[in-house]
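All values below were derived from every heavy atom in this structure, side-chain atoms included, with hydrogens, water molecules and symmetry-related copies excluded.
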Amino acid sequence: MQTYLELDEFCKLVHLNEDVVKAMMAKGDLNFKDEGGRIYIEANQGTFSVVPSGTRSKNTMVDSMTLAGESFVEKTIGTILNLHEKVLDAKDETLEALKNENKFLKDALYSMQELYDADRKTIESLNMELKHAREDAEFMKRKYKLMWNKTIEAFGEKGAAKDKEEQ
């Protein structure tokens, strides 16, 4: 089975720039096809063409291609598994961060409730003190009013008695 990659994908895979790959295509080192203006390079044969070759026999090259194809698949699967593991780790970290944030918010809510209860008790005691202070003020008003009324009456009686004597 032949696997074809686009030119730019192949360049990324083998870490070569397009000019070098196109030069190899011109020399016939790479199998390629042109479909609709896009160039596709055969992946297995292309990767072996990029690797410098010593004296290779045809059987060695076929065996190497098979191993390279298997290696490519293994590396791809390994990369996918690695990425999956990283996603799971990130998910676990996110869940842990959310749990910590929820615990913090819960503790803050309990703290606010305690402050609210303490403030409510303080307000109740201040209202009671205010009520007693108003009652004391009202009592003092009545007391002084009665005292001053008696003083006015007593002074008025003495003044009236004096007025009668003077007459």
Polar side-chain atom of Thr151 near backbone of Met147 as donor-acceptor pair, under 3.5 Å | yes
Whether over 12 other heavy atoms sit under 6.0 Å from Arg120 CZ = yes
Determine whether Ile80 and Ile77 make a side-chain contact, defined as any pair of heavy atoms from C-beta on separated by less than 4.5 Å.
-> no
Gap separating the OH atom of Tyr116 from the CD1 atom of Ile123, nearest 0.5 angstrom | 8.0 Å
Are any non-hydrogen side-chain atoms of Glu6 and Glu9 less than 4.5 angstrom apart?
-> yes
Can you establish whether the number of heavy atoms outside Arg142 located under 6.0 Å from its atom CZ is more than 12?
-> yes
Side chains of Leu16 and Cys11: closer than 4.5 Å at any heavy-atom pair?
-> no
Is Lys33 paired with Glu35 through a side-chain N to carboxylate O contact shorter than 4.0 Å?
-> yes
Is any side-chain heavy atom of Leu30 less than 4.5 Å from a side-chain heavy atom of Phe10?
-> yes
NZ/NE/NH1/NH2 to OD/OE distance under 4.0 Å, Asp19 and Lys22 | no
Might you point out which heavy atoms bring Thr122 and Ser125 nearest each other, and give the distance in Å?
-> O-OG, 2.9 Å
About how many Å separate CG of Leu81 and OG1 of Thr76, when rounded to the nearest 0.5 Å?
-> 11.0 Å
Using a strict cut-off of less than 4.0 Å between a Lys/Arg side-chain nitrogen and an Asp/Glu carboxylate oxygen, indicate whether Asp117 and Lys121 qualify as a salt bridge.
-> no
4.5 Å side-chain heavy-atom contact, Val21 and Glu18 = no
Judged by atom type as modelled, is there a donor-acceptor pair below 3.5 Å linking the side chain of Asn149 to the main-chain atoms of Lys145?
-> yes
Which value, rounded to the nearest 0.5 Å, describes the distance between Ile39 atom CD1 and Asp8 atom CG?
-> 10.5 Å
Can you find a pair of side-chain heavy atoms, one from Glu96 and one from Asp92, that are under 4.5 Å apart?
-> no
Matching residue for Glu85 among Leu83, Leu88, Val87, Asp89 - test: side chain to side chain contact (heavy atoms under 4.5 Å, CB included) | Asp89
Interatomic distance, NZ@Lys103 vs CG@Leu98, rounded to 0.5 Å, equals 15.0 Å
Do the side chains of Asn31 and Ile41 get nearer than 4.5 Å, heavy atoms only?
-> no
The single option from Glu135, Arg134, Glu129 passing side chain to side chain contact (heavy atoms under 4.5 Å, CB included) against Lys131 = Glu135
Side-chain contact test, heavy atoms from C-beta onward, threshold under 4.5 Å: evaluate it for Tyr144 versus Met140 and give yes or no.
-> yes
